[in-house]
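What follows is a single structure, written as C-alpha cells, with notes after it.
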Amino acid sequence: MMKLTPDGKELTVVASGLRAPGGISVGPNGELTTGENEGTWQPCCKLNYFTADQRPVFLGTEPSRQEITKEFHEPLCYFPMDVDNSGGGQIWVTPEAKVGLSAGELIHLSYGQSSIYRVLSEELAGGQMQGGVVKLPISLSSSAQRAAFHPDGSLYVCGMRGWQTNAASEAGIQRIRYNEGTPLGLPESMSVKGKQLTLRFDLELDEELATDPESFAIKRWKYIRGPQYGSGQFSIDNPDVEAEENALKQESKGHKQQDDVEVASVELGADGRTVTLTIPSLKPAQQMQIAYDLESADGEVLVGTVYSTIHKN
C-alpha cells in the first residue's frame with residue numbers, strides 16, 4: 001500500500017504484507033483500515049487498522065514483506081469464516097449519517113457473508129487497536145463490497161456475486177434508511193480491563209436477565225499463522241503442541257478446538273445499558289465469541305454475538 005503526494009513527486013510505502021484485501025478506508029484522522037482474506041500467512045479474515053504515526057506497517061504475508069522490517073502489526077480483530085470469509089471495504093460514519101450509529105464509528109462490510117458489521121474498537125497504549133464486531137440488522141439482496149453515505153443520511157451499499165460469497169443475486173445497489181428513534185438493540189462499545197469485560201448497549205436492559213451469567217456464553221480460541229493456507233481453531237487453555245506444529249506443515253482447517261469461558265458474575269451499570277462481566281480466566285485471545293440472550297427493559301428480545309480479539313487486558 002503506497003501514498004502518492006498530490007503533486008505526484010513523492011511516493012511512500014505505508015504498508016506491506018497484504019494478501020488480498022477487498023477494500024480500504026481512510027479515517028477522519030488519517031487512520032487506514034483494510035479487510036484481509038484468509039490464505040498463506042493469513043490464518044483467517046481480519047480487520048487491519050493503523051494510524052499515520054504507526055506507518056509503515058507489516059500486515060502479515062511474509063513473501064510480500066518488501067523492505068519493512070517491523071514485526072507483524074496485529075489486526076483490530078480476527079473473523080471466523082462464518083462471520084466473514086471474504087472482506088469488503090470499510091466506511092466511517094459521517095455527521096449527516098442516519099443509520100443509528102454515531103459519527104466517527106467504523107463499519108465493516110463482508111462480501112463473503114453479505115453482511116454489515118458495527119466495529120467495537122478499543123485503543124491500547126501505543127495506538128494498537130483491539131475490539132470486535134456485531135452484525136447490523138440488515139438483509140441485503142447481494143454482497144456488501146462498497147458503501148457510501150448520501151447527504152440525506154442514507155447508506156448506499158453495492159455488491160456482486162462472484163468467488164466465495166453467499167450473495168443471493170448477481171449484483172445489487174441498495175439504499176438503507178434508519179427508522180429514527182428506534183434503537184438497534186446492539187452493543188455500541190466494548191472494553192476489557194483485568195478480569196472484566198464491559199459491553200454497553202444502545203438501550204436499557206432487563207435487569208434480571210442482564211445480571212444473569214447464564215445470559216452469556218463465551219468461547220475463545222487461537223489460530224496458527226504460517227505458510228499453509230488458513231488455519232484451524234486451536235485451544236488457548238489446553239494447547240495441542242503437536243497439532244500446532246503440524247499446522248505449519250500442512251493445512252489444518254479441519255482442526256476445531258474451542259475453549260469454554262466461565263462468566264462468574266455480571267453487574268448492570270447505573271445507566272441500565274452497561275453490563276460488566278467478571279471472567280476469572282480472561283486473557284488475550286485471537287478469537288472471542290461472546291453470545292448474549294437478553295431483553296430490553298421494554299421486553300424486546302435481544303439475541304446476538306460479538307466476535308472479538310483481545311491483545312491485552
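Just so you know, these numbers use all the heavy atoms, side chains as well, and skip hydrogens, waters and symmetry mates.
A salt bridge links R175 and D152; the closest N-O separation between the charged side-chain nitrogens and carboxylate oxygens is under 4.0 Å. Between D202 and R273 there is no salt bridge, since no side-chain N of the basic residue sits under 4.0 Å from a carboxylate O of the acidic one. Ion pairing between a basic and an acidic side chain is recognised when a charged N comes within 4.0 Å of a carboxylate O; E38 and K46 show no such pairing. A salt bridge does not link R19 with E36: every distance from a Lys NZ or Arg NE/NH1/NH2 to an Asp or Glu carboxylate oxygen is 4.0 Å or more. With salt bridges taken as basic N to acidic carboxylate O contacts below 4.0 Å, none links R200 and D271.
Annotation: side chain of Y78 is not in contact with side chain of S308 (no heavy-atom distance under 4.5 Å). Using a 4.5 Å heavy-atom threshold, the side chains of Q113 and N85 count as touching.
For the atom pair CD (E204) and CD (E300), the distance works out to 13.0 Å, reported to the nearest 0.5 Å. Considering CG of D84 and CG of L47, their distance stands at 9.5 Å, rounded to 0.5 Å.
Scanning both residues, P284 and N313, for their nearest heavy atoms gives CD-OD1, 3.5 Å. The minimum heavy-atom distance linking P213 with A264 is given by the pair CG-O, 3.8 Å. When all heavy atoms of T305 and Y292 are compared, the pair lying nearest together is N-CE2, 3.8 Å. Minimum heavy-atom separation, L120 to S189: CD2-N, 3.8 Å. Smallest separation of non-hydrogen atoms from L209 and L294: O-CD2, 3.7 Å. Residue C45 comes nearest to S86 through the heavy atom pair SG-N, 3.7 Å, listed as atom of the first residue, atom of the second, then distance.
Atom CD1 of I173 has 12 or fewer neighbouring heavy atoms from other residues, nucleotides or ligands inside a 6.0 Å radius. Atom NZ of K256 sits in a sparse spot, with 12 or fewer heavy atoms from other residues, nucleotides or ligands closer than 6.0 Å.
Each of E74, M1, H73 was scored for a side chain to side chain contact (heavy atoms under 4.5 Å, CB included) with V57, with one residue passing: H73. Each of L197, I218, I236 was checked for a side chain to side chain contact (heavy atoms under 4.5 Å, CB included) with V261, and the lone residue meeting it is I218. Checked against Q130 for a side-chain hydrogen bond (donor to acceptor under 3.5 Å, both in side chains), the options K312, E123, H311, E122 give a single hit: E122.
Side-chain contact annotation: T94 with E96, donor-acceptor N/O pair under 3.5 Å present. S25 and T33 share a side-chain donor-acceptor pair at under 3.5 Å. A side-chain donor-acceptor contact under 3.5 Å links Q287 and Y223. With hydrogens and angles left out, the side-chain atoms of S296 and D298 include no donor and acceptor closer than 3.5 Å. Side-chain N/O atoms of Q258 and Q233 include a donor and acceptor closer than 3.5 Å.
Remark: R225 qualifies as a cation-pi partner of F72 under the 6.0 Å distance and 45° angle criteria applied to the six-membered ring.
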Working for side chain to side chain contact (heavy atoms under 4.5 Å, CB included), residues V157 and I176: CA-CA 8 Å; V157 179; I176 297 170; 3.7 Å; yes
Step by step, would you call I224 with F234 a side chain to side chain contact (heavy atoms under 4.5 Å, CB included)? CA-CA 8 Å; I224 303 299; F234 294 81; 3.6 Å; yes
What verdict does the side chain to side chain contact (heavy atoms under 4.5 Å, CB included) test give for I107 and L101, after you've listed the backbone C-alpha separation in whole Å, the side-chain angles of each residue and the deciding distance to 0.1 Å? CA-CA 9 Å; I107 292 172; L101 307 182; 3.7 Å; yes
Stepwise salt bridge (charged side-chain N to carboxylate O under 4.0 Å, His left out) check, R220 with D260: CA-CA 7 Å; R220 66 179 164 222; D260 292 319; over 6 Å; no
Walk me through whether S121 and Y49 qualify under side chain to side chain contact (heavy atoms under 4.5 Å, CB included). CA-CA 10 Å; S121 60; Y49 183 119; 5.6 Å; no
Evaluate the criterion side-chain hydrogen bond (donor to acceptor under 3.5 Å, both in side chains) for residue pair S16 and S64; output intermediate values, then yes/no. CA-CA 6 Å; S16 72; S64 59; over 6 Å; no
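Two rings, from F50 and F58, have their centers 6.0 Å or more apart.
Taken together through direct or relayed side-chain contacts under 4.5 Å among Ile, Leu, Val, Met, Phe, Trp and Tyr, V275 and L302 form part of one hydrophobic cluster.
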